[in-house]
Number of protein chains: 2
Amino acid sequence: MNRTLKRARTQDQKFFRRQQILEAAEQHFDEVGYEAFSMANLAKLAGVVKGTLYLYFKTREEVFLTLYNQSLSRWSETFLGSCKDKMSDRDYVSTLYTTAMADAHFVPLLARLEHVIEHNVSIESLIESKRHFISRVEHLAGAAAPILSLTPSQSLEMVKTMGVLLVGATRTDQGPSLQGEDIPEDVQALMDSFSSEHLFIKNACRIIQGIRTTTG
Amino acid sequence: MNRTLKRARTQDQKFFRRQQILEAAEQHFDEVGYEAFSMANLAKLAGVVKGTLYLYFKTREEVFLTLYNQSLSRWSETFLGSCKDKMSDRDYVSTLYTTAMADAHFVPLLARLEHVIEHNVSIESLIESKRHFISRVEHLAGAAAPILSLTPSQSLEMVKTMGVLLVGATRTDQGPSLQGEDIPEDVQALMDSFSSEHLFIKNACRIIQGIRTTTG
DNA sequence: ATGTTTAAATGACGTGCGGTCATTTAATAA
DNA sequence: TTATTAAATGACCGCACGTCATTTAAACAT
């Protein structure tokens, strides 16, 4: 944190302070995850007092929504940077999965977006977030069409569907850790059979195949 | 609630009181949903005091886990009761979707199972719930195999995958209501394009097709 | 250089949550 | 009728999010 900045007066300074809070929020999220994330601890980490946070974010969930928007941008850039001109369906979805899982914030926030986050943000922020989402989806779809030999509308449907599948498939990864607990064989076998990677890649390929054989 | 029962001494009476609490919990959940569900209000509805709840459930999430287990049983019975001897893929997944959405508790609780609920229950309850889940999945898979002309292992994979897809596809339904808000056209169009019914049915069919053409 | 104005920052505070536990008391056993 | 048991109670704890009257740093006017 910048010690010399005691008070933000100009728009630039306010933007800087907001970024300072967001950086602390990322760190706090890394350290404790979604459930244990608290505004009091965020304030300490950011070097401000709790009330100050509410000058820059209306609610706790507006912080999360901002982190989500950032992580969506970050991941989509990383993903597109990892794509080749031509890829097999399998390579494409595998790259998508790997880059998504590599981002510490993207999937956990995406998974809670509609259930929790969107329920406590202003409509303005919600609309802004949806618009941002649209632009990323269109960007991803535009890039995917030539890679996978899909029509534009097929590609758009594909990208939307990948999001749905990603959330569903990564659910099991979000359960409690169970490290050191002794889990009965049958239960352990069940959980192993829900490997998110396998679930996602296999079904993503099936869906792309299905989309490709559709007049879209 | 039974006014004559002041104190539950026998196991039967304790079971009855537990049921009484669970019925109030269902009602409370119907009325306010997941986020606004509170133990204090549950106690009032159940006609007991808050501390009493914790004689029957270790945590708030153990109440939710129990409601989830109940809703899984209830839905799977309803669903199987709606199935015919032979069905097209489309009819099968459409029936699955309709019956799942008709249950007010099943999808909302399923969506929060790993993210929230499982993080604050005892391991015993967790294992019990997983075992219950296994038995329902196997039951559903056994019933589906002849209906859809799948091998047993194909059918098992199909049922597991339907759960994943159901959670992903119904995400959009869990967002804030936005009744009466004026949403810009582009954002409204985006949300309309994520119709959970369309998403689920279309992709479920694609996945079943994919599974069927796999040696499994 | 000094006084005035502005709004960023503060932190004590309100409300409500999940969860605990010493105490009360209804039902059973002696 | 009395002693025992444990179900039920409700006051209490710590902590969360979010508010707002007050303080004060910085820009502006004189």
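Excluded from the calculations below are hydrogen atoms, water molecules and symmetry mates; all remaining heavy atoms, backbone and side chain alike, are included. The model shown is predicted, which means the values in this text are computed figures rather than measured ones.
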Practice problem: Run the ring-centre check on H105(B) versus Y68(B) and record whether the distance is less than 6.0 Å. | Solution: no
Exercise. Determine whether the aromatic ring centres of F79(B) and Y97(B) lie less than 6.0 Å apart.
Key: no
I need the [atom1]-[atom2] distance between [X] and [N], as an integer number of Å.
X	N	atom1	atom2	value
H119(A)	dC17(D)	NE2	C1'	18 Å
F37(B)	dC17(C)	CZ	C1'	13 Å
L53(A)	dG11(C)	CG	C1'	13 Å
R7(A)	dA25(D)	CZ	P	6 Å
E35(B)	dG16(C)	CD	C1'	16 Å
K44(B)	dC17(C)	NZ	P	8 Å
E62(B)	dG18(C)	CD	P	15 Å
Q11(A)	dA7(C)	CD	P	11 Å

Quiz item: Heavy atoms under 4.0 Å, any strand shown: does T52(A) hit a base, just sugar-phosphate, or nothing?
Solution: base
Quiz item: When we call it a touch if two heavy atoms are under 4.0 Å apart, what does F57(A) touch: a base, just sugar-phosphate, or nothing?
Solution: nothing
Quiz item: Between T10(B) and N41(B), which is nearer to the 5' end of DNA chain C once each is assigned its nearest nucleotide?
Solution: N41(B)
Practice problem: Map S38(B) and K50(A) onto DNA chain C by nearest heavy atom, then report which one ends up closer to the 5' terminus. | Solution: K50(A)
Checking contacts here: which listed nucleotide ([options]) is nearest the side-chain heavy atoms of [X]?
X	options	value
E61(B)	dG19(C), dA9(C), dA8(D)	dG19(C)
R17(A)	dA9(C), dG18(D), dA26(C)	dA9(C)
R60(A)	dT10(C), dC17(D), dT9(D)	dC17(D)
T59(A)	dG18(D), dA6(D), dA7(C)	dG18(D)

Self-check item: Axial bend angle, the helix from dA1(C)-dT30(D) to dA30(C)-dT1(D): five-pair end segments, nearest 10°
Solution: 20°
Supply the atom-to-atom distance [X] [atom1] to [Y] [atom2], rounded to the nearest 0.5 angstrom.
X	Y	atom1	atom2	value
E61(A)	I117(A)	CD	CD1	7.5 Å
E26(B)	L45(B)	CD	CG	12.0 Å
K44(B)	K50(B)	NZ	NZ	10.0 Å

Exercise. If the plane angle is over 60° it's perpendicular, under 30° parallel, otherwise tilted; pick one for F194(A) and F133(B).
Key: tilted
Quiz item: Distance-only, no hydrogens or angles: does the Q154(B) side chain make a donor-acceptor pair with backbone N or O of I211(B) under 3.5 Å?
Solution: yes
Quiz item: Has Y54(B) got a side-chain N or O lying under 4.0 Å from the OP1 or OP2 atom of dT9(D)?
Solution: no
Practice problem: Output yes when E35(B) and R112(B) qualify as a salt bridge under the 4.0 Å nitrogen-oxygen rule, no when they do not. | Solution: yes
Exercise. Tell me which of K14(B) and G51(B) sits closer to the 5' end of DNA chain D, going by the nucleotide each one is nearest to.
Key: K14(B)
